[in-house]
Amino acid sequence: MPELPEVETVVRTLKQAVKDCKIVQVDIYWNNIIVGDIQVFKSSLIGQSFRRFKRRGKYIIFELDDCSLLSHLRMEGKYFIKDCTDKKEKHEHVIFTLDNGKTLRYHDTRKFGKMEVIPKSKDYVQLKNLGVEPLSHKLNETYVSNYIKNTKQCMKQLLLDQSFIAGIGNIYADEILFRMKVHPKKIAKELTPQEIIDLVYYTKHVLKGAIRAGGTTIRSYTSSLGITGRFQLKLKVHMRKNEPCYLCKEKIVKEVVAQRGTYYCPRCQSL
DNA sequence: AGTTTGACCCGGACGC
DNA sequence: TGCGTCCGGGTCAAAC
């Protein structure tokens, strides 16, 4: 699932690939991907060039001349750069034809992703409830201790809460808690000062490491292989049910916490 | 107003 | 092999 590091990698790669390219045609094969009117979507984008590439939480923001394109990959969204003569693949739902003979293709097996055109003058309402960017200085010990004062949430919920920190998903929430050696059900308010320091440190550490890994992998891609933002990251706890903990050999447990499949080491992350 | 729960978006995996 | 059921994650809306 694309989380912040994957989205960041996609944004960086697309910047290299399509900056200043002009959209000459837009073909949509699954309408529900598009938020709002399909014809307005098309007519807003045709003739526009990609100028700036940004990320906020898990949202991709493409800034064009007169509007922005907001894209959320949800679970399985991916972008590919292909030649315009390449055959359409099964799960390619939106194809932007560019003025250089290439196409930018949105691929999404589950069709969960969303795309929306935002007029230049309007605010991004989708982004207004997002919390701090984890890699910015705004994520610090003071911010965390103030935030947790007013919440009943457990740690897993807290890390998934996009209005606390923007961009952490299920996988990295588990990985961060494992490194903190904190149980996913621990009440956030009860974090010790040291655990707050660890939360800040490991959140940045895990996400930065993942972006580095994404960047490394992405270099080996050719344009025909596409831009998935996925990478071979060594997960220390997520998806390791019944396998031995890397630290203490105890079996990793999988349990539903905050409605999400949650992996943790019952010994290292005891309550 | 903060918090929790559920619906939604789907195809693929899995079980019988 | 075919059919039905469940699963998954992020977001939003509704209920509490």
Side-chain angles (χ1 to χ4, degrees), chain A residues 1-11 28-36 38 41 55-61 69-79 88-94 105-116 118 123-134 143-177 184-190 203 206-207 210 228-230 233 235 237-241 253-264:
Chain A
M1 328 312 145
E3 300 181 26
L4 184 148
E6 291 81 2
V7 176
E8 179 66 27
T9 303
V10 170
V11 169
I28 295 160
Y29 301 92
W30 193 262
N31 289 350
N32 278 354
I33 302 281
I34 310 301
V35 178
I38 302 295
F41 182 86
R55 178 193 58 72
R56 179 76 174 97
K58 299 171 201 169
Y59 288 88
I60 300 169
I61 308 165
L69 173 61
L70 202 58
S71 170
H72 197 300
L73 306 175
R74 291 291 183 98
M75 289 180 71
E76 313 214 15
K78 301 172 182 69
Y79 281 99
K88 186 180 101 63
E89 300 279 335
K90 186 179 178 188
H91 296 297
E92 289 173 357
H93 306 306
V94 183
R105 306 189 181 198
Y106 179 70
H107 179 289
D108 191 340
T109 319
R110 287 282 186 281
K111 299 174 173 164
F112 282 7
K114 294 290 174 200
M115 256 181 235
E116 180 173 5
I118 311 288
D123 286 339
Y124 303 107
V125 287
Q126 295 84 347
L127 309 185
K128 74 175 194 304
N129 291 325
L130 292 179
V132 297
E133 280 293 324
Y143 174 75
V144 174
S145 39
N146 283 332
Y147 194 97
I148 62 177
K149 257 183 232 164
N150 303 313
T151 183
K152 295 175 181 170
Q153 291 171 313
C154 70
M155 285 306 297
K156 177 77 183 220
Q157 284 175 309
L158 180 77
L159 289 177
L160 292 176
D161 179 356
Q162 300 298 299
S163 63
F164 171 51
I165 299 174
I168 301 174
N170 202 32
I171 298 172
Y172 294 114
D174 285 357
E175 294 294 312
I176 292 164
L177 287 170
K185 283 183 177 167
K186 184 177 176 97
I187 301 299
K189 214 183 287 240
E190 295 171 357
T203 297
V206 166
L207 296 177
T228 69
R230 281 169 185 271
L233 177 75
L235 298 175
V237 66
H238 195 79
M239 294 293 283
R240 297 196 65 246
K241 184 181 176 180
V253 167
K254 181 187 182 186
E255 173 181 339
V256 175
V257 179
Q259 282 100 258
R260 290 286 176 267
T262 299
Y263 299 80
Y264 65 97

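Proteins get letters first, then strands, A, B, ... in listed order; numbering begins at 1 in each.
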Figure out the [atom1]/[atom2] separation between [X] and [N], and round it to whole Å.
{"X": "A/Q162", "N": "C/dG9", "atom1": "CD", "atom2": "C1'", "answer": "11 Å"}
{"X": "A/E116", "N": "C/dC12", "atom1": "CD", "atom2": "C1'", "answer": "13 Å"}
{"X": "A/R260", "N": "C/dC7", "atom1": "CZ", "atom2": "P", "answer": "13 Å"}
{"X": "A/L70", "N": "C/dT11", "atom1": "CG", "atom2": "P", "answer": "11 Å"}
{"X": "A/K114", "N": "C/dA13", "atom1": "NZ", "atom2": "P", "answer": "12 Å"}
{"X": "A/H238", "N": "C/dG9", "atom1": "NE2", "atom2": "C1'", "answer": "10 Å"}
{"X": "A/E76", "N": "C/dT11", "atom1": "CD", "atom2": "P", "answer": "15 Å"}
{"X": "A/K185", "N": "B/dT4", "atom1": "NZ", "atom2": "C1'", "answer": "16 Å"}

Look for any protein N or O under 3.5 Å of an N or O in nucleotides 11-13 of chain B and output each such pair with its distance, or none.
residue: B/dG11; atom: OP1; partner: A/K111; partner atom: NZ; Å: 2.8
residue: B/dG11; atom: N2; partner: A/R110; partner atom: NE; Å: 3.4
residue: B/dG11; atom: N2; partner: A/R110; partner atom: NH2; Å: 3.0
residue: B/dG11; atom: N3; partner: A/R110; partner atom: NE; Å: 3.4
residue: B/dG11; atom: N3; partner: A/R110; partner atom: NH2; Å: 3.4
residue: B/dG12; atom: OP1; partner: A/H91; partner atom: NE2; Å: 3.3

ask   = Quick one: CG on A/D174 to CD1 on A/I168, what's the gap to the nearest 0.5 Å?
value = 11.5 Å
I'd like a list of close polar pairs between nucleotides 2-6 of chain C and the protein, N/O only, cut-off under 3.5 Å.
none

What pairs with [X] under side chain to side chain contact (heavy atoms under 4.5 Å, CB included), at least two apart in sequence or on another chain?
{"X": "A/N129", "answer": "none"}
{"X": "A/E116", "answer": "A/V35, A/I118, A/Q126"}
{"X": "A/V253", "answer": "A/E255, A/Y264, A/P266"}
{"X": "A/F112", "answer": "A/R74, A/M75, A/R110"}

key: Exercise: identify the closest heavy-atom pair between A/T151 and A/K189   =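 Closest heavy-atom pair between A/T151 and A/K189: O-CE, 3.1 Å.
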query = Between A/N170 and A/Y59, who's closer to the 5' end of DNA chain C by nearest nucleotide?
reply =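 Mapping each residue to its closest nucleotide by heavy atoms, the 5'-most match is A/N170.
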request  = Name all residues meeting the ring pair (Phe, Tyr, Trp, His ring centres under 6.0 Å) criterion together with A/H238; count only those two or more places apart in sequence or in a different chain, and write none if there are none.
outcome  = A/Y263
With A/F41 via ring pair (Phe, Tyr, Trp, His ring centres under 6.0 Å) - residues at least two apart =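 With sequence neighbours excluded, A/F41 shows a ring pair (Phe, Tyr, Trp, His ring centres under 6.0 Å) to no residue whatsoever.
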key: Stacking of A/F112 on C/dG10 base (centres under 5.5 Å, planes under 30°)   = no
Does [X] make a side-chain N or O approach to OP1 or OP2 of [N] shorter than 4.0 Å?
{"X": "A/N32", "N": "B/dC10", "answer": "yes"}
{"X": "A/Q259", "N": "B/dT4", "answer": "no"}
{"X": "A/K58", "N": "C/dG10", "answer": "yes"}
{"X": "A/K128", "N": "C/dC12", "answer": "no"}
{"X": "A/H72", "N": "C/dT11", "answer": "yes"}

key: Mutual orientation of the aromatic rings belonging to A/H91 and A/H107 [parallel < 30°, tilted 30-60°, perpendicular > 60°]   = perpendicular
Those residues of residues 148-158 of chain A lying under 4.0 Å from DNA chain B by at least one heavy atom =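 A/N150, A/T151, A/K152, A/Q157 - these, ordered by number, are the residues of the stretch whose heavy atoms sit under 4.0 Å from the strand.
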Working for side chain to side chain contact (heavy atoms under 4.5 Å, CB included), residues A/I61 and A/L127 = CA-CA 10 Å; A/I61 308 165; A/L127 309 185; 3.7 Å; yes
query = Between the side chains of A/Y79 and A/S71, is a donor N or O closer than 3.5 angstrom to an acceptor N or O?
reply =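 Yes, A/S71 and A/Y79 have a side-chain donor paired with an acceptor closer than 3.5 Å.
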task = Could I get the full list of salt bridge (Lys or Arg N to Asp or Glu O under 4.0 Å) partners for A/K58, not counting sequence neighbours?
result = none
Residues which pass salt bridge (Lys or Arg N to Asp or Glu O under 4.0 Å) with A/K186, listed by chain and number, not counting sequence neighbours =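 Salt bridge (Lys or Arg N to Asp or Glu O under 4.0 Å) list for A/K186, sorted by chain: A/E195.
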query = Which angle, rounded to 10°, do you find between the first-five-pair axis and the last-five-pair axis of the helix from B/dG2-C/dC16 to B/dC16-C/dG2?
reply = 50°
Pair A/Y29 and A/H93, ring centroids less than 6.0 Å apart =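 No - the distance between ring centres of A/Y29 and A/H93 does not fall below the 6.0 Å cut-off.
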message = When you measure from the side chain of A/Y143 to the backbone of A/F164, do you find a donor-acceptor pair of N or O atoms at a distance under 3.5 Å?
response =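 Such a contact is found between A/Y143 side chain and A/F164 backbone.
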